[in-house]
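Taking it in order: structure first as structure tokens, then the write-up.
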Amino acid sequence: MSTLAIHNTLTRRKEPFVPLVPGRAGVYVCGPTVYDYIHVGNARTFSVFDLVVRWLRATGLEVTYVRNVTDVDDKIMDRARARGEPIEALTERTVAAFEEDCARLLLVKPDREPRATRYIGPMVELISVLESKGLAYRAANGDVYFSVRDFPGYGKLSRRNLDDLRAGERVAIEAAKHDPLDFVLWKAAKPGEPAWPSVFGDGRPGWHIECSAMSARELGATFDIHGGGWDLQFPHHENEIAQSEGASGQPFVRYWMHAAFLNMGEEKMSKSLGNVATAREVLASLDPVQGGEQLRLLLLRGHYRSEITYTRELLDDAGNALRGLYTALRETPPADGPVDWTSPWAARFRDAMNDDFDTPVAFAVLHELRAEVNRTRSPALAGLLKGLGATIGFLQQEPDAFLKGGVTVDVAALIAERQAAKRAKDYARADAIRQELDAAGIVLEDKPGGVTEWRKK
RNA sequence: GGCGGGGUGGCAGAGUGGUUAUGCAGCGGCCUGCAAAGCCGUGUACAGCGGUUCGAUUCCGCUCCCUGCCUCCA
């Protein structure tokens with residue numbers, strides 16, 4: 001029986017997963033900055049860690065899943081100002097939209113969703129500790145900065161050498177910093193901006209300190225898995241390590257995981273290219289019943305450390321694959337019951353998932369199992385297919401409802417008329433009705449015994 | 001300039017020193033009034049050039065190409 005191995009960004013190797021506390025796992029994922037809808041790239045990252053959490057639980061671990069909400073940030077203030085909307089109204093509205101998107105993507109709700117604005121106290125405390133250890137300083141402009149060169153391990157996650165960093169090449173260097181690489185922990189209040197009182201004066205936290213403070217509060221100084229998008233390795237996660245380990249003197253994270261990017265067609269998705277697709281606009285273009293799981297499959301069928309491409313064609317492709325799986329479950333109603341992990345399919349599936357969440361191989365097993373279900377019509381094997389799907393958040397909808405999708409037209413009368421025509425051997429009329437329904441996006445399937453089933457095209 | 005990830009059959013996407021990945025699409029067959037679904041069958045894929053080896057897509061070197069990060073960024 002295999003055991004879980006995870007690729008650790010810190011060591012760039014797959015390592016056996018050994019939780020800090022046996023039987024338990026703490027997972028922290030950098031969540032959204034709530035100034036706008038999430039895009040499909042964000043959706044990929046969140047889907048990846050949803051998969052991770054589900055699989056950890058499937059292996060029997062008791063997981064505490066924390067995903068933060070960044071609700072104080074320059075982008076939020078800019079957006080609120082541009083819209084003439086109070087900051088809190090903007091963030092509340094965006095959080096609500098985010099939760100809708102997550103629900104449609106079938107993401108499990110995190111156990112804790114700490115919001116930055118409710119953890120200002122812990123952040124200030126953390127900065128004070130850093131200051132007391134000589135790792136933070138108050139600059140002339142009132143800001144508080146982290147002194148990067150005073151933290152010996154800086155760069156160990158992203159494998160960067162301080163002297164190789166091109167500090168300030170793309171951003172104007174703040175003159176108040178002692179070193180261009182230093183990053184802000186506390187920003188002094190400016191007129192018209194939200195501010196909180198602190199020993200450093202009125203102000204607001206920097207982005208990086210949020211995650212250090214909230215993760216420590218929810219999971220402790222050391223915890224098991226910290227996840228995020230590939231681009232967060234530097235500087236965000238590097239800075240988190242500097243803050244958290246600098247303050248606690250303890251190892252911060254045992255396993256760092258980073259989800260690769262989703263590209264739009266041939267290009268990187270970026271605002272400057274104007275090719276950003278929000279999750280909700282993609283979902284709005286899909287069937288209301290099938291779309292969420294369809295997009296989820298597109299996002300998860302590639303390995304999480306490989307870049308994937310988003311195109312309409314690939315989305316259709318994922319929808320077709322999903323339809324095949326659900327068709328098998330419709331034709332052979334699955335038996336209820338726990339997964340029999342001694343079954344060869346289950347064992348192969350588990351081995352794949354344990355091998356650093358190798359979803360491509362796991363889905364290959366599911367597809368082979370689907371064929372076996374179709375051949376044998378075994379409710380037990382159908383139950384296994386559904387049960388394995390459950391461990392990664394797939395195949396849990398009612399098959400017939402899934403296959404019918406969001407079709408709302410009443411087809412019963414036409415199907416009845418066609419069956420009468422068939423009985424009368426009026427095939428011209430029967431085929432005409434079928435073509436009419438086909439034009440409406442409905443496919444008929446004649447079954448033995450004169451039964452006609454239908455599904456969305 | 002520094003550091004990193006890749007190039008697999010029409011498309012997507014794993015993996016392996018020698019044996020079918022898998023899916024979607026296509027083609028042929030069975031089934032069907034005809035279809036659909038399903039089942040069966042069907043693809044001399046591993047960027048190029050050298051090297052190691054009995055044997056390399058898989059290891060090593062070089063070349064070409066694509067691509068990410070270097071304080072907005074999932």
Side-chain angles (χ1 to χ4, degrees), chain A residues 12 29-33 38-49 73-75 148 155 158-161 163-171 173-174 180-184 206-208 227-236 238-239 258-263 266-272 297-298 301-303 305-309 311 313-314 316-325 327-328 330-332 352 355 358-368 370-371 373-375 377 403 422 425-428 430-431 434-435 438 443-448 452-455 457:
Chain A
R12 311 285 165 102
V29 175
C30 292
T33 298
I38 61 164
H39 58 242
V40 288
N42 299 307
R44 184 196 188 183
T45 297
F46 297 137
S47 298
V48 162
F49 290 102
D73 179 85
D74 286 334
K75 288 194 291 290
V148 164
S158 54
R159 308 245 166 147
R160 279 165 164 78
N161 181 313
D163 297 321
D164 290 339
L165 290 168
R166 294 186 159 196
E169 177 159 292
R170 301 198 308 178
V171 174
I173 296 171
E174 172 57 59
L181 296 171
D182 292 347
F183 58 90
V184 68
W207 177 39
H208 310 298
W230 197 258
D231 54 333
L232 259 34
Q233 285 173 52
F234 189 90
H236 185 53
E238 198 70 70
N239 291 352
H258 292 95
F261 266 53
L262 172 145
N263 298 314
E266 299 296 306
E267 306 170 310
K268 176 187 175 180
M269 183 165 64
S270 76
K271 289 178 180 126
S272 57
L297 179 58
L298 174 68
R301 67 179 178 172
H303 187 89
R305 283 188 287 115
S306 296
E307 290 186 1
I308 59 172
T309 301
T311 64
E313 290 69 32
L314 293 174
D316 292 341
D317 183 278
N320 287 339
L322 199 54
R323 193 180 70 208
L325 292 165
T327 299
R330 186 190 63 182
E331 299 304 308
T332 306
D355 182 16
D358 193 348
T359 50
V361 171
F363 279 114
V365 173
L366 256 28
H367 280 111
E368 290 175 24
R370 168 194 69 152
V373 167
N374 284 330
R375 280 190 292 267
R377 300 298 171 117
L403 292 168
K422 278 181 67 180
K425 302 245 189 282
D426 181 2
Y427 294 122
D431 290 348
R434 184 164 64 201
Q435 281 166 24
D438 183 82
V443 179
L444 298 182
E445 299 177 8
D446 291 338
K447 296 300 172 78
T452 295
E453 186 57 270
W454 65 273
R455 63 175 169 81
K457 196 172 180 180

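Naming: A, B, ... by sequence-line order, numbering from 1 per chain. Both backbone and side-chain heavy atoms feed into the values below; hydrogens, waters and symmetry mates do not. Small disclaimer: the values here were computed from a predicted structure and weren't measured.
When both distances must be under 3.5 Å, the Watson-Crick or G-U wobble mate of U22(B) is A12(B). Nucleotide C64(B): paired with G7(B) (Watson-Crick or G-U wobble, both distances less than 3.5 Å). Base pairing annotation: G1(B) forms a Watson-Crick or G-U wobble pair with C70(B), both donor-acceptor distances under 3.5 Å.
Below the 3.5 angstrom threshold, one finds a donor paired with an acceptor across the side chain of His39(A) and the base of A74(B). Side-chain N/O atoms of Asp431(A) and base N/O atoms of G33(B) include a donor-acceptor pair closer than 3.5 Å. Contact of Arg434(A) with A35(B) (side chain to base): a donor-acceptor pair of N or O atoms is detected under 3.5 Å.
Nearest to the side-chain atoms of Asp358(A) among the listed nucleotides C39(B), G33(B), G15(B) stands G15(B). Ranking C72(B), A12(B), U67(B) by closeness to the Glu307(A) side chain, first place goes to U67(B). Listed nucleotides A14(B), A36(B), G13(B) differ in distance to Glu445(A); the shortest reach to its side chain belongs to A36(B). Distances were taken from every side-chain heavy atom of Arg301(A) (C-beta onward) to each of C39(B), A14(B), A12(B); the shortest belongs to A12(B). When distances run from any side-chain atom of Asn374(A) to the nucleotides A74(B), G38(B), C70(B), the shortest one goes to G38(B). Picking from A37(B), A21(B), C73(B) the nucleotide with the shortest atom distance to the side chain of Thr327(A) gives A37(B). Listed candidates were G13(B), C24(B), G15(B). Nearest to the side chain of Ile308(A) is G13(B). For Asp446(A), taking side-chain heavy atoms from C-beta onward, the closest of the listed nucleotides A74(B), G23(B), C34(B) is C34(B). Nearest to the side-chain atoms of Asp231(A) among the listed nucleotides A74(B), G23(B), A21(B) stands A74(B). Of the listed nucleotides (A74(B), G33(B), U22(B)), A74(B) has the atom at the smallest distance from the side chain of Asn42(A).
In this structure, the aromatic ring of Trp230(A) is not positioned over the six-membered ring of the base of G68(B) within 5.5 Å between centres and 30° between planes. Stacking between Tyr427(A) and the base of G33(B) is present: ring centres sit under 5.5 Å apart and the planes differ by under 30 degrees.
Of the P atoms belonging to G13(B) and G28(B), the separation is 28 Å, rounded to the nearest Å. Spacing between U42(B) and C73(B) at atom C1', rounded to whole Å, works out to 46 Å. Spacing of C1' atoms, U57(B) relative to A14(B), comes out at 13 Å, to the nearest Å. Between A25(B) and U67(B), the two C1' atoms lie 27 Å apart (nearest whole Å). Distance noted for atom C1' between C70(B) and G15(B): 33 Å (whole Å). Here, G1(B) and G61(B) have their C1' atoms 24 Å apart, quoted to the whole Å. Nucleotides U22(B) and G43(B) are separated by 12 Å at their P atoms, to the nearest Å. Comparing the same atom, C1', in C72(B) and in C64(B) gives a spacing of 34 Å after rounding to whole Å.
Both Val40(A) and Arg330(A) lie close to RNA chain B; mapped to their nearest nucleotides by heavy-atom distance, the more 5′-ward contact belongs to Arg330(A). Checking Pro360(A) against Ala260(A), the closest nucleotide of RNA chain B that is more toward the 5' end is the one next to Pro360(A).
At a threshold of 4.0 angstrom between heavy atoms, the contacts of Leu262(A) include nucleobase atoms, whether or not backbone atoms are also involved.
Going from atom CG of Asp317(A) over to atom C1' of U22(B) covers 12 Å, rounded to whole Å. Regarding His303(A), its NE2 atom lies at a distance of 13 Å from the P atom of G7(B), rounded to whole Å. The interatomic distance linking Asn320(A) (CG) with A36(B) (P) rounds to 14 Å, in whole Å. Between the CD atom of Glu368(A) and the P atom of G23(B) there is a distance of 7 Å, rounded to whole Å.
A donor-acceptor contact shorter than 3.5 Å links the side chain of Thr359(A) to the backbone of Gly302(A). Arg44(A) contributes a side-chain N or O that, together with a main-chain N or O of Ala260(A), makes up a donor-acceptor pair within less than 3.5 Å. At distances below 3.5 Å, not a single donor-acceptor pair connects side-chain atoms of Glu238(A) with backbone N or O atoms of Pro235(A). Under a 3.5 Å cut-off, the side chain of Asn263(A) and the backbone N or O of Thr309(A) do not form any donor-acceptor pair.
Below 30°, between 30° and 60°, or above 60°: for His236(A) and Trp207(A) the angle between ring planes is below 30°, a parallel geometry.
An OP1 or OP2 oxygen of A14(B) is reached within less than 4.0 angstrom by a side-chain nitrogen or oxygen of Ser306(A). Listed pair Arg375(A) / C40(B) meets the phosphate criterion, a side-chain N or O lying under 4.0 Å from OP1 or OP2. Using a 4.0 Å cut-off, no side-chain N or O of Asn161(A) falls inside it from OP1 or OP2 of G2(B). At least one side-chain nitrogen or oxygen of Arg370(A) sits closer than 4.0 Å to the OP1 or OP2 atom of C24(B). Between Arg159(A) and G4(B) there is no side-chain N or O to OP1 or OP2 distance below 4.0 Å.
Leu297(A) pairs with exactly one of Leu322(A), Asp317(A), Leu325(A) by the side chain to side chain contact (heavy atoms under 4.5 Å, CB included) rule, that one being Leu322(A).
Between Ala318(A) and Leu298(A), the closest heavy-atom pair is CB-N, 4.0 Å. Nearest heavy-atom pair across Ser158(A) and Phe234(A) is OG-CD1, 3.3 Å.
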